[in-house]
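Have a look at the structure below before the remarks.
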Amino acid sequence: MNKHKMITEKGVPSNSRVLMLFGQLEKLNRESMLVDPEIARQITAKILHLIQTQEKTRKEIVSKGSSGMEVILATLENTQDLQSILNILYILNELLTVGGGRRIGVFVSKGGTGILLQLVISASKESPPSEEVMLQLHSVLAKVGPKDRKFGVKARLNGALNVTVNLLKQNLQNYKLLLPCLLVLQVYSSNTVNAVSLGKNGVVELMFKIIGPYSKKNTSLLKVSLDTLGALLKSKTNAQRAVVHVPILLHIYQDWHRNDTRHRHILIRKGILGCLKNITNIKLGRKAFIDADGMRILYNTSTECLPVRTLDPLINTSSLIMRKCFPKNRLPLPTIKSVFHHQLLRVPAGGPVAQLYNQPLGRGPIYQFYTKPPWVDDVVDESDNNEDAEAENDMENEVEEKDHHAGNDDIETDINNLRPKETHSRPFEELKIYERFFMELSEDFQVFNFDNPKKGVTATPAAPKSHRPIIVPTAQALPPKNPTAAPLQGECPHLAPVPALDLDTINITKDQDGCGDHTHSQTHPGAGLEQELVQGLERVALDGAGPQGGGGGGNKHNRQPPILAGGVAARLGGEGEEMLAEDWAEEEESSEEGVLHVPDTALLLPLHDPDLYVEMVKSTSSVPQFSEVAYPDYFGHVAPTSREHILERVYGVQRTKIFQDIERLIHPNDILDKVVYDLDIQSCPVVDGGESLKFNSQFESGNLRKAVQIRKFEYDLVLNSDINSNHYHQWFYFEVSGMRVGAPYRFNIINCEKSNSQFNYGMQVLMYSVQEAISGRPRWVRTGTDICYYKNHFSRSSIAAGGQKGKSYYTMTFSMTFNHKDDVCYFAYHYPYTYSTLKMHLQKLEALRTPQTYLREDVLCETLGGNSCPLLTITAMPESTSNDQICQFRNRPLVFLSSRVHPGETNASWVMKGTLEFLMGSSPLAHSLREAYIFKIVPMLNPDGVVNGNHRCSLSGEDLNRQWQNPSPELHPTIYHTKSLLQYLAAIQRAPLVFCDYHGHSRKKNVFMYGCSLKETVWETNISATSCELHEDLGYRTLPKILSQMAPAFSMASCSFVVERSKEATARVVVWREIGVQRSYTMESTLCGCDQGKYKGLQIGTRELEEMGAQFCVALLRLKRLTSPLKLRNHAHLLDVESDLTETRCKGSSTPSTYLLEDEEASFMEEVDYSAESGDEPDNDPNTADPHDNHLSDSESNNHRDSLT
Ligand SMILES: [Zn+2]
């Protein structure tokens, strides 16, 4: 305080009385000093008087440029005179009471805190200390403390903590002094070191003394005490000290709950809950809470609070405490490993399968490092080992993303990893075998029969007689195809037997009830079994639809009534009947009882054929050896014509659901806990008539593992893990029957793993009703109410949680009332699209081939599970055999597309269906497109995963989209051979113009792309300021840009072109780096819906997905015009897109793309703006016109092209 500066400065009247007084005070300070305390006393008293009477005066002291505060502090520091000190403390109390944080900020910045704390110490040394000084000091400190971030540390270093504590102890009855001291203590306690130290000093006990029993006297004191205690209890040692007081706290809470009828003391009640919340962060606290009947007390009080909205904070905190204390449960499973195991020919050490299964026998000791003893219980509850308080949030939607910040480390910063990779490329001789997949490049059209092009070869398993699957010979032999035998079991005697599962005991037959006594087909893994499989199919799922029933009358022949899996008797459509959708409903009434008609969807679904579908299923190999066919896949899906809006979340839905879960503990006698479906038990559980729903999912892509009836209308459902894995639960597909009409069913999928889901943001589940289907509405519809997704009380083993202990599973819950008696309904995560569906579609597509279309279907390879992976080649036939034409044909650029590497992302298949249908279409655009490019398409990169109901992996238990850097021909054949195709193309200088892998995104809305850009990655990381000098063609942005202008679901804003480290082994990055494809993309389609464009506010459907696939094709045609050198001049204006980009980017403007932490497995919390609900409806009804025609006309219009610029 040595600044001697006149306080009269600009803006302050020099004749002000208070400033004059300050001048005098400053003079006294300067003359070091207060020789006569009386003068200082007088001056400070006068200032105080002025301040108390004139707001103007206060403003003058703290106004900008005034040194008033400094003078006050200097005086306080220097004077020994009690009265002067008091006067100044009074002045400070007056000054700092109003004016918000700014005045306190000035005070703190001038060192005021330290001076006050010093004064606390010196005042404590007086005997006895002046009560008035202490009172005033603490009053000022209570105001200053919360605004000074270093307050806690300063107080501790000064030694002020003990002074305050002693003061409290000696003045427990002196409420006047108690309040400011408690306020200061509260600020001290917010510092964790202080809290621990105060606890040692007995402050926790002291607080309980002050709090005492319920009383409406001194409520402000009580409130502060509770808040102080709450702050202290954040320390675990303090929480331990408070455990014995849990019953008292609960008792006081109940008293307040009963007596505070007008809710005037919500803050006190919240304060008590705050203390309980912190005590229950430790295990002992949770135990004390349970022992003291805390669950029941908080449950009952909360239930009584529910009608009063202002009490929501109490309910929310209570709910949080109850969830924390709810005893952790094990999942009701013997093991979390998948029910089904597929024995791999070679189990790579350290791989997921080796880690999961105990296979050390005959492998040498080193393998034991990777294995777990078989007795390790992987469903174990480890939650008690975890004393770390879980992240908490009072919000209804809890968010506890620890890895939220980790993403930034994920951007690739090593420039060498961003440059084209010089692969020790394989010798051309090795790649030359792939030549056979590119016959169009060498075809001899001179002898080609144009009228009957034999190239439409079908090598699908459905027609195995005509063409054997082409198996690419590799060094390692591929497993022999033997779909019905237990895969290779017993053929590898050096491998340990699988403990959990004997594949031979899987039932493949089912009697008429669909349940009951099963004959185990243990003895015949060969032809006999195959025979039985066929019979099973006919009898159980599709009785009469097999070869005997259908002689070849298309799909309109007479059939025997099949027994539906759910027990509905039905008859398929009558002979020769030509029924349109509208007729079905009428027809139903006139038909005899119990006989129902099956929709003939041939007119609506030209690519669907139920008979063909069954044929396809028969040649599909599944690990569980599915013998049934799900009705939706059999009948097909006709997209509904009504719009399906993104659901608005109902207030408090999560809370209600959680309270229902807590009731399981409160009213245990109400809980049935009855297992009604269980894959782990070979015999189907007995389901009594009418009391319980029947579940089933033993069909392609089905994955329900267990269903437990909790209450009359509530079921817990457990999903199976991906085969050869112990997690990845997200996708689901199962069947329900035996429902009661109008009953409010609640379904809970209890072993979800992601920490958040689009189910919290308006996404609904999909349901398919067989009764609706046979009434002429065969369709998946978005359905379910009260949908939410939240952390539950089932503990997750660290074995399945990446080593993290104390994790929980999540519940996805939805409610449902059924409209039809005797219905069979199916529920799915997203529109199912099975491998058999793909095979059926490919066969039907072939029928669309015209003499002008070049279509070839090859089998790229066999999968581990014995399914073939189709590869399609689509282009236009050369117009003639003239050299020019043949030359044009062979020099067409290639476009390489793939999809469905992740089985749970069924939307990718629907987009691919749109692409394929468009490419095979008869429109002039499709023809131009075929003339422009040669398309190479692998429509399903992971057939095994799709067949077996996996969400993420292949049978190797691995994510195939992380294997592109070094795919193994044995473990990842589809990836290995797809990459080889690309390597072959690169070797013959024909690398594709565009590579795109279709995916689905579970966290975000809209459709968007991820690409690869060296520059954008570098910019994102700020590696180098001179990055603009890096040479990079901006062509990679053109295709997404075109798409954003023509495809309503597509959003450019969601695209990203940054290369992440965690994605270095994905198709997109590897094809970009190693094959050198500049336009290498992942196209992500939402599972939920759109929040922009024409479909804003709507959930996405198959129509929109297929449309997206078609629009992708049209965009390629525009890209062709932009990239073709001959057409450059005619379309020069289009190039502005790229020049625009060049300009903006090199100016260093912020990137137009949002950098996303991760793509399909993104872990960030999505921000959803509910205010942006669809106020503006799309202009065109998206459902009226054929999606293809709809946008085809658009795409060729000049308006659209102009808008590109
Ligand atoms: Zn994906």
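Read the numbers this way: they start at 1 and go in the same order the structure lists the ligands and their atoms. Numbers here are sequence positions counted from 1.
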- prompt: Checking only N/O/S atoms, does Glu1084 have one that is under 2.8 Å from the Zn ion (ligand 1)?
  reply: no

- prompt: Given Arg1068, which of Glu1060, Glu1074, Glu1084 fulfils the salt bridge (charged side-chain N to carboxylate O under 4.0 Å, His left out) condition?
  reply: Glu1060

field: Minimum-distance atom from the Zn ion (ligand 1) among N, O or S atoms of His902
entry: ND1

query: Relative to Tyr976, does Lys979 satisfy both conditions: NZ or CZ under 6.0 angstrom from the six-membered ring centre, and within 45 degrees of the ring's axis?
result: no

task: Can you label the angle between the Tyr768 ring and the Tyr826 ring as parallel, tilted or perpendicular, going by 30° and 60°?
output: perpendicular

field: Pi-cation contact, Tyr1036 with Arg1079 (under 6.0 Å, within 45°)
entry: no

Considering only N, O or S atoms of His999, the one closest to the Zn ion (ligand 1): ND1

